[in-house]
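Structure first, then comments.
Values below: every heavy atom of this structure, side chains too, minus hydrogens, waters and symmetry copies. We name chains A, B, ... by the order of the sequence lines, and we start the count at 1 in each one.
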Amino acid sequence: MSKSIRRYKEHLIVKFPKEADHHHLSSFSDKIRMEILKRGVKNIIFDFSDVTFIDSSAVGLILSKSKTVESLGGKAGLCCAKGHVLKVLNACTAVGLSKMFDNVEEAISCFEKKQEA
Amino acid sequence: MEFYNEMTVSFKSLSINESFARVVVASFVTSLDPTLEDLADIKTAVSEAVTNAIIHGYEGKDGIITIHCTITGKTVTIKIIDKGVGIEDIEKARQPFYTSKPEMERSGMGFTVMETFMDRMEVESRPGEGTTVTLIKTIE
Ligand SMILES: Nc1ncnc2c1ncn2[C@@H]1O[C@H](COP(=O)(O)OP(=O)(O)O)[C@@H](O)[C@H]1O
Ligand SMILES: [Mg+2]
């Protein structure tokens, strides 16, 4: 598995590239799709900690992948979005559509708590 | 006399040029002493328009995109021009979440982002002739 997509238990953690534009995301999208379809993957967490640039292409990818995991009974969350990244997500109303977390661990513990309940 | 400057750049409709396009506009605007946030806003809007020219205007095929940029006083005007398929219904295209390419994982929020991050955005387009998007921002 490539470093930018890792698996922890039933969570798929997707680390966006530094420049998350249409050019850098087009092959990334196929890689994520193949990982989502692997056995035992339930939730997806989008990690923005390395991102210095994004536009609405990233939002299209997030919404599409979130829909896929949610239709399979999983959850999607965003983490480490700040500054310019947060501003773009806000402008695209993606913030209202997905759960936001400060870091990956927080997202994982929220998803696991929900399961127990 | 008000400060005036202009520049034009043309490049092939390849997605690898998306970052080149936004960086070249950002460097041109530097003379206005913008904040980092101003620069990020302009880069994002330019990236949206150039990406649209590549994937919608030329539909991934060969074409030339031209960016014409002027600075008048403290105001920057950026025109992103393609000679691609054009837009049938501009009103509809500008609606939040509207996309003609949902299968390509588009969000339909490109025009909304351009409008939010710039002071003004205008779209001129003719089916079969191409599209010109004009982005305007005053750096205070
Ligand atoms: N340069 C262009 N040439 C042709 N059609 C365009 C162009 N720019 C935008 N469009 C049309 O406007 C729609 C909305 O654009 P946008 O808001 O950027 O959303 P998205 O790119 O996610 O589809 C596009 O789906 C496309 O149909
Ligand atoms: Mg777009």
Count the heavy atoms of every other residue, nucleotide or ligand shown that sit under 6.0 Å from [atom1] of [X], and state whether that count exceeds 12.
| X | atom1 | value |
| --- | --- | --- |
| B/Glu88 | CD | no |
| B/Leu36 | CG | no |
| B/Lys101 | NZ | yes |

Walk me through it: do B/Ser19 and A/Phe53 pass the test side chain to side chain contact (heavy atoms under 4.5 Å, CB included)?
CA-CA 10 Å; B/Ser19 61; A/Phe53 178 87; over 6 Å; no
Given a strict heavy-atom distance threshold of 4.5 Å, which part of A/His22 is in contact with chain B: side chain, backbone, both, or neither?
both
Contact class of A/Ile62 relative to chain B, heavy atoms under 4.5 angstrom:
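Neither part, no heavy atoms under 4.5 Å.
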Distance from B/Phe117 atom CZ to A/His84 atom NE2, nearest 0.5 Å?
6.5 Å
Between B/Thr44 (side chain only) and A/Asp55 (backbone N and O only), is there a donor and an acceptor less than 3.5 Å apart?
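No; zero donor-acceptor contacts below 3.5 Å.
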Short question: side chain of B/Glu105, backbone of A/Ser29 - any donor-acceptor pair under 3.5 Å?
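The answer is no, because no donor-acceptor pair under 3.5 Å joins these two groups.
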Treat each ILVMFWY residue as a node, draw an edge where side-chain heavy atoms are under 4.5 Å apart, and state whether [X] and [Y] are in one component.
| X | Y | result |
| --- | --- | --- |
| A/Leu12 | A/Leu78 | yes |
| B/Met118 | B/Ile139 | yes |
| B/Ile16 | B/Val23 | no |
| B/Val24 | B/Ile65 | yes |

Less than 4.5 Å apart, any side-chain heavy atom of A/Ser57 and any of B/Arg106?
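Result yes, sub-4.5 Å side-chain heavy-atom pair found.
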Hey, are the side chains of B/Asp41 and A/Lys87 touching, using non-hydrogen atoms and a 4.5 Å cut-off?
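Side chain of B/Asp41 against side chain of A/Lys87, heavy atoms only: contact under 4.5 Å found.
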By a 4.5 Å heavy-atom criterion (distance strictly below it), what part of [X] contacts chain A: side chain, backbone, both, or neither?
| X | value |
| --- | --- |
| B/Asn17 | neither |
| B/Thr112 | side chain |
| B/Ile55 | side chain |
| B/Thr116 | side chain |

Go through A/Thr52, A/Leu61, A/Leu63 and name the one with the most non-hydrogen pairs under 4.5 angstrom from chain B.
A/Leu61
Any idea which heavy atoms bring B/Ser107 and A/Ser56 closest together, and the distance?
OG-O, 3.2 Å
Evaluate the criterion side chain to side chain contact (heavy atoms under 4.5 Å, CB included) for residue pair A/His23 and B/Thr51; output intermediate values, then yes/no.
CA-CA 9 Å; A/His23 176 70; B/Thr51 302; over 6 Å; no
Among B/Lys43, B/Arg22, B/Glu115, B/Glu37, which residue forms the greatest number of heavy-atom pairs with chain A at distances under 4.5 Å?
B/Arg22
